[in-house]
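What follows is a set of notes on a single structure, which appears directly below.
Numbering of ligands and ligand atoms starts at 1, following listing order. All residue numbers in this chain count up from 1 along the given sequence.
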Amino acid sequence: MNPYTNEVVATFPDATDAEVDRALDTAQAAFEEWRDTPLADRAALLGRAAALLREQSEEYARILTLEMGKTIAEARAEVGLSADILQWYADRGEGLLQPRVLEHSPESGKSAKILKQPLGIIYTVEPWNFPYYQVVRVGAPQLMAGNTVVLKHASNVPQSAAAMEKLFHDAGAREGLLTNLYLTRDQSGRVIEDFRVRGVALTGSEGAGAVIASQAGKALKKSTLELGGNDAFIVLEDADIAKSAEWGAFGRYWNAGQVCCSSKRMIVLDGVYDEYLERFTAEVATRRAGDPFDEDTVLAPLSSQGAADDVKALIAEAVEHGATATEVGEPVPSTGAFVQPTILTGVTRDNPVFRKEIFGPVAMVLRAGSEDEAIEIANDTPYGLGGSVFTSDEAHGQELAERITTGMVYINHPTGVKADLPFGGVQNAGYGRELLDLGLNEFVNEKLVVVSDIDGVF
Ligand code: NAP
């Protein structure tokens, strides 16, 4: 479905059970070869995939804009970021997978080391908001580690899902290295139960995380979860307010507000609240909505009409419980999955929407009487993904960062999605980390090998 026109572009049948069985057989056969493939060859494959993404950036980007609706500029940026991640592992994966020689006492044996060995098939369930980046965030480290990947992507991005499989195929991967399947929920559960599947990585909502993690737990599989966020964007009184407002508008409105780590709750110190709100509102008003293929469009439609309707329902719920919703900017197009950019003020902490994640172009701006109160508001959420602090005193910003209960905090920036920074959260934002060595180590067997001729166990 093209969310700009709400027209069906193409339809894709669900996988048959026979296709699922065959895909698992093929992924396992690929694993048995790939685990013994030299690290340099694995790295070379990732490097070729990165190069292909860069060479064919426009073709890849256009698929994202067509079926997910993001602006073509943001789509190109996502393709570039995905290539960066592939290249990062191509360059560093071999070093990260070297055995770790342990320092140990003579009583522990002659030598001891930890090998990093692959586990098998990793099943990954991914969302539509960054259809390539999310797949690569798991796929690049896991393929580098020697695992194979079975992908169940979001139902509204079937062409992006197929493009990811094609990318690795074109890069020279044998069949089964990364397999895209259009799975039903029942089939997804069956894949998790299959003994050859050795790990499960999901990015998505809390609801999906709870289902997938419980299925994985029941089958005794390790899982990682990257779930929702309701990130705080704290503006202190000594911050550069003009710069904070610009970053705030970017942090909340990029990808049409459909970002897990976007700046959803702006917590502004009393002394600068009015100035911030005025400047922020003016910044948001500059965002022109329209055809995502048009180079001048800044604000895209949401990924689907259903997503747009959900966001509108949350705005209405917030208002019903006493908040003020201010619609900002030129009216958005009347067709397509658009939501008018909206700023919510007066959201009290007993408003049910205060603790809900709004996945669209809606910012909450909250007033804090002190820094302590700002931290308290920031931490008053079931989530714990990211957050930011704006201040002219970087050292003080870092002190406050230590008090924010999340997996990531940025000082003077809303968030960073980069190839060389890890990603992940705590509490209901999930568990585990992606990217860097942290992501690579999530699904490896850190196997101890000891050479010893000592007597006794202790
Ligand atoms: P979602 O409904 O949870 O969908 C995510 C994926 O899970 C899709 O592939 C979906 O498939 C699948 N899924 C859902 N329920 C399932 C089940 N019972 N069994 C098997 N698969 C299932 O998420 P969304 O609402 O589209 O995406 C937005 C959410 O993802 C937000 O909460 C956002 O914050 C979060 N997110 C987190 C991160 C992060 O890194 N922390 C990044 C991006 C997004 P179908 O499409 O077929 O339903």
Side-chain angles (χ1 to χ4, degrees), residues 1 3 12 14-15 20 67-70 78 81 85 123-138 150-158 160-161 164 180-193 197 200-216 218 223-231 254-264 302-304 306-311 314 337 355-360 381-387 406-408 415-417 421-435 439:
M1 186 86 94
F12 296 79
D14 291 338
V20 177
E67 67 179 4
M68 184 270 164
K70 68 176 63 196
E78 182 177 339
L81 173 62
I85 293 170
Y123 176 50
T124 182
V125 181
E126 296 299 336
W128 43 263
N129 60 344
F130 293 94
Y132 298 154
Y133 160 72
Q134 301 286 4
V135 173
V136 166
R137 224 165 56 164
V138 175
V150 168
L151 165 68
K152 184 232 163 302
H153 218 320
S155 320
N156 57 331
V157 290
S160 306
M164 284 290 92
N180 167 49
L181 286 173
Y182 301 119
L183 296 175
T184 64
R185 300 278 159 98
D186 282 352
Q187 289 169 334
S188 171
R190 232 166 31 77
V191 167
I192 292 172
E193 279 170 14
V197 173
V200 181
L202 171 129
T203 297
S205 61
E206 285 171 278
V211 171
I212 296 284
S214 59
Q215 289 173 335
K218 204 167 163 209
S223 60
T224 57
L225 298 180
E226 297 289 353
L227 307 178
N230 210 354
D231 290 1
W254 67 296
N255 216 38
Q258 306 164 109
V259 184
C260 49
C261 58
S262 104
S263 312
K264 295 180 186 123
L302 268 62
S303 63
S304 68
D309 294 342
D310 288 349
V311 168
L314 283 171
R355 286 182 194 78
K356 291 186 182 171
E357 180 189 33
I358 306 181
F359 221 54
T381 169
Y383 296 106
L385 191 56
T406 62
M408 309 172 280
T415 187
V417 268
L421 296 173
F423 198 97
V426 295
Q427 302 181 157
N428 290 13
Y431 49 79
R433 287 292 180 278
E434 288 180 343
L435 299 176

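- With no hydrogens or angles considered, no side-chain donor-acceptor pair links Lys264 and Asn230 at under 3.5 Å.
- Among all protein heavy atoms, the one lying closest to atom 42 (C) of ligand 1 is Cys260 SG, 2.9 Å.
- For Asn156 (side chain) and Trp128 (main-chain N/O), no donor-acceptor pair under 3.5 Å exists by modelled atom type.
- Closest protein heavy atom to atom 6 (C) of ligand 1: Glu126 O, 3.6 Å.
- For atom 23 (O) of ligand 1, the closest heavy atom belonging to the protein is Ser205 N, 3.5 Å.
- A donor-acceptor contact closer than 3.5 angstrom links the side chains of Asn428 and Glu206.
- Ranking protein heavy atoms by distance to atom 44 (C) of ligand 1, first place goes to Asn129 ND2, 3.4 Å.
- In terms of protein heavy-atom proximity, atom 17 (C) of ligand 1 is closest to Arg185 CD, 3.1 Å.
- For atom 11 (O) of ligand 1, the candidate residues are Lys264, Lys152, Gln215; the nearest heavy-atom contact is made by Lys152.
- The shortest N or O to N or O distance between Trp128 and ligand 1 is under 3.5 Å.
- Here the CZ-SG distance, from Phe423 to Cys261, works out to 4.0 Å after rounding to the nearest 0.5 Å.
- The closest approach between any non-hydrogen atom of Glu434 and ligand 1 is not below 4.0 Å.
- Checked against a 3.5 angstrom limit, the closest N/O atoms of Glu206 and ligand 1 fall outside it.
- Only side-chain heavy atoms of Glu357 come within less than 4.0 Å of ligand 1; its backbone N, CA, C and O stay farther off.
- The main-chain N or O of Glu78 is never found under 3.5 Å from a side-chain atom of Tyr132 such that the two would form a donor-acceptor pair.
- Applying the salt bridge (charged side-chain N to carboxylate O under 4.0 Å, His left out) definition to pairs two or more places apart or across chains, those involving residues 422-434 are Arg137-Glu434.
- Considering Leu225, Val191, Ile192 in turn, Ile192 is the only one that fulfils the side chain to side chain contact (heavy atoms under 4.5 Å, CB included) rule with Val200.
- Atom 37 (C) of ligand 1 has as its closest protein heavy atom Leu227 O, 2.9 Å.
- Heavy-atom distances between Phe130 and ligand 1 stay at or above 4.0 Å for every pair.
- The nearest heavy-atom contact from the protein to atom 12 (C) of ligand 1 is Val125 CG1, 3.5 Å.
- The shortest N/O to N/O separation between Thr203 and ligand 1 does not fall below 3.5 Å.
- Not a single donor-acceptor pair under 3.5 Å links the side chain of Gln258 to the backbone N or O of Leu302.
- In terms of polar-atom proximity, Ala154 is counted as a contact of ligand 1, with an N or O under 3.5 Å from an N or O of the ligand.
- Atom 30 (O) of ligand 1 is approached by the protein to below 4.0 angstrom, counting heavy atoms only.
- Exactly one of Thr203, Val138, Thr224 qualifies for a side chain to side chain contact (heavy atoms under 4.5 Å, CB included) with Thr124. That residue is Val138.
- Contact annotation: for Ser155 versus ligand 1, heavy atoms closer than 4.0 Å belong to both the backbone and the side chain.
- Checking side-chain atoms of Lys70 against main-chain N and O of Asn129 turns up a donor-acceptor pair under 3.5 Å.
- Given atom 40 (O) of ligand 1, the protein heavy atom at minimum distance is Arg137 NH2, 2.7 Å.
- Remark: the backbone N or O of Thr184 is not paired with any side-chain donor or acceptor of Asp14 at under 3.5 angstrom.
- Atoms of ligand 1 lying under 4.0 Å from any heavy atom of Ser188, numbered from 1 in the order shown and given with element: 20 (C).
- The nearest non-hydrogen atom to atom 13 (N) of ligand 1, considering only Gly209, Ala208, Gly204, comes from Ala208.
- Each of the following atoms of ligand 1 lies closer than 4.0 Å to a heavy atom of His153: 9 (O).
- Counted by atom type alone, Thr406 and Tyr383 present zero donor-acceptor pairs between their side chains at under 3.5 Å.
- Judged purely by atom type and a 3.5 angstrom limit, Glu126 has no side-chain atom pairing as donor or acceptor with the backbone of His153.
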